[in-house]
There are 2 protein chains.
Amino acid sequence: MLDPPLPKPPSPLDALRPSLAFRWRTATEFVEATLKAAILDGRLPGGTPLRQEELAARFGLSRMPVREALRQLESQALIDVLPHRGAVVTEISAADAADTYAIRRALEPAALRLSIPRLSDHALRDAAALIDEMDAEQEAGRMGLLNRRFHMTLYAAAGHPRLLALAEQQLIAFDRYLRFHLASQGRAHMAQEDHRAMLEAARARDTGTAIAVLERHLDTAAGTIARFFATRGGVTEAS
Amino acid sequence: MLDPPLPKPPSPLDALRPSLAFRWRTATEFVEATLKAAILDGRLPGGTPLRQEELAARFGLSRMPVREALRQLESQALIDVLPHRGAVVTEISAADAADTYAIRRALEPAALRLSIPRLSDHALRDAAALIDEMDAEQEAGRMGLLNRRFHMTLYAAAGHPRLLALAEQQLIAFDRYLRFHLASQGRAHMAQEDHRAMLEAARARDTGTAIAVLERHLDTAAGTIARFFATRGGVTEAS
DNA sequence: TAACGTAATATTGGATCCAATCAACGACCG
DNA sequence: CGGTCGTTGATTGGATCCAATATTACGTTA
């Protein structure tokens, strides 16, 4: 006789939400973007094993684009890949957060220093608009994007594309921690005072002040995350 | 009638020297390491197209490990990959050199500041030994490795593995320019005075002096490369 | 009973084949 | 004669199949 339909075992991969809103150039890019978004959101917590076969089935593709996407994610330090043993979502931790902050603390002031003298009025207006958008935004996911765009808008005039790409990559990595930061503050807002002060200093071409504000901004954020990990002790990544 | 044996057309890939000295874990790692070494040496100059088929034939492998290796190199900014159009060795330029230096100038002082208070006597002895090795070394290829190891030895106590990995990656990228630096100085030696001064300051736990020396070290190196490009105008990468 | 060695299985790494895309060339039309 | 559109060749992207490797479980032995 027929067995009752198997209750399909729940999988962490159920959290994947492939976005078909775009025409991705290649399947690899599609898989990479989808996995990346899920990891940064926290929908795929640290430690989640990523089996190529399972992912391929989810995406309706073969294992090949999945393999290439996993390689890309590995180079972004979002997953750990061990030869012949597979990929696992990188664990988050207080130490890793501090690591990310140390890098941001080094790169972003340097970018800002190079950028401020060359910032256009157009860029300054864009930055102001992004602050307003952040005031209005409620969704945590988009908040990371807006915060990232605000910072990058201020740095973009620095030239030095590799420096900017690195800075942006670290901002993206920080998105994994941003939710904790927001949760700790009990509200869905960034430290907008710092943002406004940075923009003001940039408008006045006061590089020294802008950098001082940025460094304080990063230090307080690092402190908030550190306290969060200290109180919560463990990880408990999922919402 | 039979044609005379074709004089095999010379290819930039003739410069590849696959090292069979190691047992590589996977074929992908083997291809990646070989290509990387050739690019950093300057044996594969900027602009060289890298055809998957041709590389696969050279290595006696299929195109698959070549594809994965190219992805890895792309993530290290050593090659540019355009979808459906193939990979090309990244061009070097005065602007790119300045970009790399801007990153090093941001990351390495930060790493040094974190590291010096925690440096062990063992690490200090290692660094001293590396300075002596550099004095004796004549080969340009190994000089890059020794220079890298010296710097990383001083930074290693910083913890923050991601920061250290980034710093090392930039040091590696700098290898592409190191030959020009050495050529400009008319001798096969690094600025060993700076290295010795950094080590002395580190021994004395004088973080401020060590960072000042490091920043001067990087600034003079950047200046040397900039002058080199200014005089030579073009690229002319190959030895 | 514990430890070691061996076999079975699951999973990734690599090879081969097919499809999609891009560039170049040439024909057609204005 | 110039520009545009279709066709063809070269090259990469993706699918499928096979091989190598690591982990697990099991059985044997000290």
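Reminder, nothing fancy here: chain letters follow the sequence lines and each chain counts from 1.
- Contact detail for B/S93 and B/F229: the closest heavy-atom pair is C-CZ, 3.7 Å.
- Between the side chains of A/Q76 and A/K36, at least one donor N or O sits under 3.5 Å from an acceptor N or O.
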Between protein and nucleotides 6-15 of chain D, map the contacts as a letter string: B base, S sugar-phosphate only, - none, heavy atoms under 4.0 Å, written 5' to 3'. -----SBBBB
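- Applying the ring-ring contact (aromatic ring centres under 6.0 Å, His included) test to residues at least two apart or on different chains, the pairs with a partner in residues 84-125 of chain B are B/Y101-B/F174.
- A distance of 8.0 Å separates OG1 of A/T48 from CD1 of A/I39, quoted to the nearest 0.5 Å.
- A tilted orientation is assigned to the rings of A/W24 and A/F30, their planes being inclined by 30° to 60°.
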